[in-house]
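Below is one structure, written out as structure tokens; comments come after it.
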Amino acid sequence: MKSVPFTQLHIFLVVARLQSFRGAARELGVSSAAVSQSVRQLESQLGVVLLNRTTRSVAVTDAGRRLVEEAGPGLAQASSALQSVSAQPGEVVGRLRLSVPRSAVSLLIAPVLPAFRARHPRVEVEVVVEDRLVDIVAEGYDAGVRLEETLERDMVQVRLTGAFRFVVVAAPSYLARHGTPQKPEDLLHHECINLRSPTTGTYYAWELERGRRTWRVPARGGVTTSDELTSVRLATEGLGLAYAFEPTAQEELRTGKLVRVLEAYAPGVPGLFLYFPSRAQRSGPLRLFIEVARELTAKTV
């Protein structure tokens, strides 16, 4: 097999990450035809199909997925090395791509990113906000943010926050009309704002605990959302009870727009963690981001 040009490999990785030829063309600043031709040439050289495409969608094949997982980090590291050569002494140049749940944006990313960019202006940062569980290696991310309980065992974990609780909250106006639940089973008789998983499409059960006993309550109501911040906002309007991790609703709780209910049953979780594959530790931009994140979140969270 002839040597594979890095340009073709890079173009394929962008298409695979975006799952779009047009999107890749926009990001790369070339035509869609040029992107398509480059991928076809790469497939011809390798003798395998890397992408299944229809008029409506692009999907990575098994061979394409292996190429993304094995070549993607190496190409990113090579690109970072080339950029660092052109940097001034002590200056870091590169790109950092993060997968972040929406609830962590105001809590973590908004406080950290301005300071990080001020200190390292030649590091480009892309923050992709989505609440689904993302395979950060396959989808070309340097790191992600999640609760510890959802992390894969082979990922390096860096704590960003202390422990916090998941709480049930409601507007005083709602409780005045419908009363206050006193035990988990009471939720079955209340209007609850449903949370639907953006990954599986299923409803979340509200998890509660007291001592050694736990409850998974199939709380239901007439309003459904896939976004926790939206459920908190709707709860302030008196539409029903909401289930959220406490920092998400801290401002509404502070101002009295929401109050905690069933507080004795609120379960605790270890906190939010930055996670990444072990080989990503060689990335200069990621190491610097971790330094800034640890410094600032220790003061604010």
Side-chain angles (χ1 to χ4, degrees), residues 10 13-20 23-24 26-27 58-60 64-65 67-77 79-80 94-114 116-117 120 123-161 195-201 204 226-230 244-245 247-248 269-294 296-297 301:
H10 174 61
L13 291 172
V14 175
V15 174
R17 169 165 55 84
L18 299 177
Q19 296 187 357
S20 168
R26 285 193 298 270
E27 180 171 312
V58 175
V60 181
R65 178 182 54 77
L67 187 58
V68 169
E69 292 176 353
E70 296 179 16
L75 190 62
Q77 186 179 355
S79 176
S80 178
R95 186 170 183 267
L96 187 63
R97 190 165 184 260
L98 304 172
S99 172
V100 180
R102 189 179 175 203
S103 57
V105 173
S106 59
L107 186 65
L108 297 172
I109 302 303
V112 171
L113 203 52
F116 178 76
R117 286 282 296 154
H120 309 290
V123 177
E124 298 178 5
V125 182
E126 179 183 1
V127 179
V128 180
V129 181
E130 52 190 345
D131 289 324
R132 67 186 179 91
L133 297 180
V134 175
D135 184 336
I136 60 171
V137 175
E139 298 188 34
Y141 292 95
D142 296 289
V145 175
R146 280 192 203 170
L147 293 172
E148 185 185 40
E149 64 196 48
T150 63
L151 296 179
E152 292 88 352
R153 292 182 179 178
D154 60 347
M155 291 289 171
V156 179
Q157 305 173 20
V158 175
R159 177 182 289 278
L160 294 179
T161 75
L195 278 173
R196 189 193 296 274
S197 168
T199 303
T200 66
Y204 287 112
S226 62
D227 177 61
E228 186 179 308
L229 294 179
T230 299
F245 75 91
T248 298
V269 293
L272 288 171
F273 290 75
L274 188 76
Y275 70 102
F276 46 88
S278 59
R279 58 180 173 238
Q281 294 182 84
R282 296 190 292 267
S283 165
L286 179 57
R287 288 199 305 271
L288 294 174
F289 184 82
I290 292 171
E291 289 176 7
V292 176
R294 278 177 158 169
L296 295 184
T297 56
V301 180

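With sequence neighbours excluded, no residue forms a side-chain hydrogen bond (donor to acceptor under 3.5 Å, both in side chains) with S106. Partners of L274 by side-chain contact (heavy atoms from CB on, under 4.5 Å), not counting sequence neighbours, listed by chain and number: A143, V145, V158, L160, F276, L286, F289, I290. With sequence neighbours left out, the side-chain contact (heavy atoms from CB on, under 4.5 Å) criterion links A16 to F12, V60, V68. Residues satisfying the side-chain hydrogen bond (donor to acceptor under 3.5 Å, both in side chains) test with R117, not counting sequence neighbours, are none. Qualifying side-chain hydrogen bond (donor to acceptor under 3.5 Å, both in side chains) partners for S99, counting only residues two or more places apart in sequence or in other chains: none.
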* To do: Run the numbers on R17 and E27 for side-chain contact (heavy atoms from CB on, under 4.5 Å), then give the verdict.
  => CA-CA 11 Å; R17 169 165 55 84; E27 180 171 312; 2.5 Å; yes
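Nearest heavy-atom pair across G94 and P285 is CA-CG, 4.1 Å. Of all heavy-atom pairs between F116 and L288, the closest is CE1-C, 3.7 Å. The minimum heavy-atom distance linking V15 with A24 is given by the pair CG2-CB, 3.5 Å.
Looking at R196, its side chain never comes within 3.5 Å of a backbone N or O of S226 through a donor-acceptor pair.
A donor-acceptor contact closer than 3.5 angstrom is absent between the side chains of S103 and E228.
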Taking only distance into account, with no hydrogens and no angle test, what donor-acceptor pairs under 3.5 Å do side-chain atoms of residues 125-136 form with protein atoms, sequence neighbours excluded?
residue: E126; atom: OE1; partner: R95; partner atom: NH2; Å: 2.6
residue: E126; atom: OE1; partner: R97; partner atom: NE; Å: 3.2
residue: E130; atom: OE1; partner: R132; partner atom: NE; Å: 3.0
residue: E130; atom: OE2; partner: Y141; partner atom: OH; Å: 3.1
residue: D131; atom: OD1; partner: R102; partner atom: N; Å: 3.0
residue: R132; atom: NH1; partner: E139; partner atom: OE2; Å: 3.2
residue: R132; atom: NH2; partner: E139; partner atom: OE1; Å: 2.7
residue: R132; atom: NH2; partner: E139; partner atom: OE2; Å: 3.3
residue: D135; atom: OD1; partner: V137; partner atom: N; Å: 3.2
residue: D135; atom: OD1; partner: A138; partner atom: N; Å: 3.1

